[in-house]
A.B. asks: 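Let me begin by handing over the structure; questions about it come next.
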Amino acid sequence: MSDNAAFIIGAIGLTMAVLGGAVILNARDFRRRARRGRGQVVRLRAVRTGGTRRERRHSAVYHPVLRFTTDNGEQVEAESPVGSNPPPASPGDRVPIIYDPADPTQVRIDSALGGGTLLGTLLIGFGLLLLVLGVRAGIASL
């Protein structure tokens with residue numbers, strides 16, 4: 001493997017690991033200020049993914065739209081910024097939620113996946129793997 005390829009793989013790995021750390025820190029900060037409650041999944045919004053038109057038809061990430069009542073009695077309907085495939089819940093399901101009391105439209109399903117912790121951990125793990133592979137390939141080409 002060339003030095004350039006090893007450097008690129010290592011740089012991508014480092015970037016992914018840093019991004020994963022940022023996701024975890026953001027999730028931790030959100031949890032600190034969040035209030036807990038119960039909400040209902042009203043619907044799922046599909047965000048198409050994939051590079052080609054054909055791939056986008058068959059692949060999507062589903063973001064739950066949640067309806068809940070805040071501690072102040074305010075009815076809120078908002079979409080979680082965290083989506084997944086398969087969907088984290090089905091329409092009609094009642095789920096534990098966390099929301100920002102200063103801005104209740106900032107809401108997430110209260111779970112490792114819904115809160116962003118799992119995504120951050122996966123990014124860090126995969127990023128570190130790529131970083132190690134890049135460094136090993138770079139050393140081997142010396």
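None of these values were measured; they are calculated from a predicted model.
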A.B. asks: Among residues two or more places apart or on two chains, list those pairs meeting salt bridge (charged side-chain N to carboxylate O under 4.0 Å, His left out) that have a residue in residues 9-33.
C.D. replies: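 For residues 9-33, and leaving out neighbouring residues, the salt bridge (charged side-chain N to carboxylate O under 4.0 Å, His left out) pairs sorted by first residue read D29-R33, R31-D110, R33-D100.
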A.B. asks: Return the CE to CG distance between M16 and L122, rounded to the nearest 0.5 Å.
C.D. replies: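 Rounded to the nearest 0.5 Å, the CE-CG separation comes out at 9.0 Å.
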A.B. asks: Under the side-chain contact (heavy atoms from CB on, under 4.5 Å) test, which residues partner I124, sequence neighbours left out?
C.D. replies: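 For I124, the residues satisfying side-chain contact (heavy atoms from CB on, under 4.5 Å) (neighbours in sequence not counted) are I24, L128.
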A.B. asks: To the nearest 0.5 angstrom, please state how far the CG atom of L66 sits from the CZ atom of R94.
C.D. replies: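 Rounded to the nearest 0.5 Å, the CG-CZ separation comes to 11.0 Å.
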A.B. asks: What pairs with F68 under ring-ring contact (aromatic ring centres under 6.0 Å, His included), at least two apart in sequence or on another chain?
C.D. replies: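 For F68, the residues satisfying ring-ring contact (aromatic ring centres under 6.0 Å, His included) (neighbours in sequence not counted) are Y99.
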A.B. asks: On a heavy-atom basis, which atom in T105 and which in A78 lie closest, and how many Å separate them?
C.D. replies: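 Heavy-atom minimum between the residues: O-CB, 3.4 Å.
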A.B. asks: Could you pull out the closest heavy-atom pair between P64 and L44, with the gap in Å?
C.D. replies: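 Result for this residue pair: CA-CD2, 3.8 Å.
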A.B. asks: Once rounded to the nearest 0.5 Å, what's the spacing between atom CG of L19 and atom CD1 of I12?
C.D. replies: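 Taking CG in L19 and CD1 in I12, the distance rounds to 13.0 Å.
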A.B. asks: Determine whether V135 and F7 fall in the same hydrophobic cluster, where Ile, Leu, Val, Met, Phe, Trp and Tyr are linked whenever their side-chain heavy atoms lie under 4.5 Å apart.
C.D. replies: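 No, separate clusters.
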A.B. asks: Out of curiosity, does L133 fall in the hydrophobic cluster containing F126 (side-chain heavy atoms, cut-off under 4.5 Å, transitive links)?
C.D. replies: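 In one cluster with F126: L133, yes.
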A.B. asks: Looking at OG1 of T117 and CG of N26, how far apart are the two atoms once the value is rounded to the nearest 0.5 Å?
C.D. replies: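 T117 OG1 to N26 CG: 10.0 Å, rounded to 0.5 Å.
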A.B. asks: Tell me, please, which residues at least two apart from V47 pass side-chain contact (heavy atoms from CB on, under 4.5 Å).
C.D. replies: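 Counting only residues at least two positions away or on another chain, V47 forms a side-chain contact (heavy atoms from CB on, under 4.5 Å) with R45, H63.
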A.B. asks: Quick one: OG on S84 to CD1 on I109, what's the gap to the nearest 0.5 Å?
C.D. replies: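 S84 OG to I109 CD1: 7.5 Å, rounded to 0.5 Å.
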A.B. asks: Is it the case that one hydrophobic cluster holds both I8 and V18, taking links as side-chain heavy atoms less than 4.5 Å apart, direct or via other members?
C.D. replies: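 Result: no, two separate clusters.
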A.B. asks: Taking C-beta and beyond as the side chain, do R36 and P96 meet within less than 4.5 Å on heavy atoms?
C.D. replies: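 Counting from C-beta outward, R36 and P96 never come under 4.5 Å.
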A.B. asks: Applying a strict under-4.5 Å side-chain criterion to I, L, V, M, F, W and Y, I'd like to know whether L130 and I139 cluster together.
C.D. replies: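 In one cluster: no.
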A.B. asks: Are V23 and V61 in one and the same hydrophobic cluster, where Ile, Leu, Val, Met, Phe, Trp and Tyr link if side-chain heavy atoms are under 4.5 Å apart?
C.D. replies: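 No, V23 and V61 fall in different hydrophobic clusters.
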A.B. asks: Please report the closest heavy-atom contact between R108 and A27, naming both atoms and the distance.
C.D. replies: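 Here R108 and A27 meet closest at NH1-CA, 3.8 Å.
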A.B. asks: With rounding to the nearest 0.5 angstrom, report the OG1 to CZ distance, T69 to R38.
C.D. replies: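 That separation rounds to 13.0 Å.
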A.B. asks: Among residues at least two apart in sequence or on other chains, which ones pass side-chain contact (heavy atoms from CB on, under 4.5 Å) with A34?
C.D. replies: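 If we apply the side-chain contact (heavy atoms from CB on, under 4.5 Å) test to A34, skipping adjacent residues, the hits are F30, I98.
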A.B. asks: For D93, what residues pass the side-chain hydrogen bond (donor to acceptor under 3.5 Å, both in side chains) criterion, not counting sequence neighbours?
C.D. replies: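 By the side-chain hydrogen bond (donor to acceptor under 3.5 Å, both in side chains) rule, D93 matches no residue at all.
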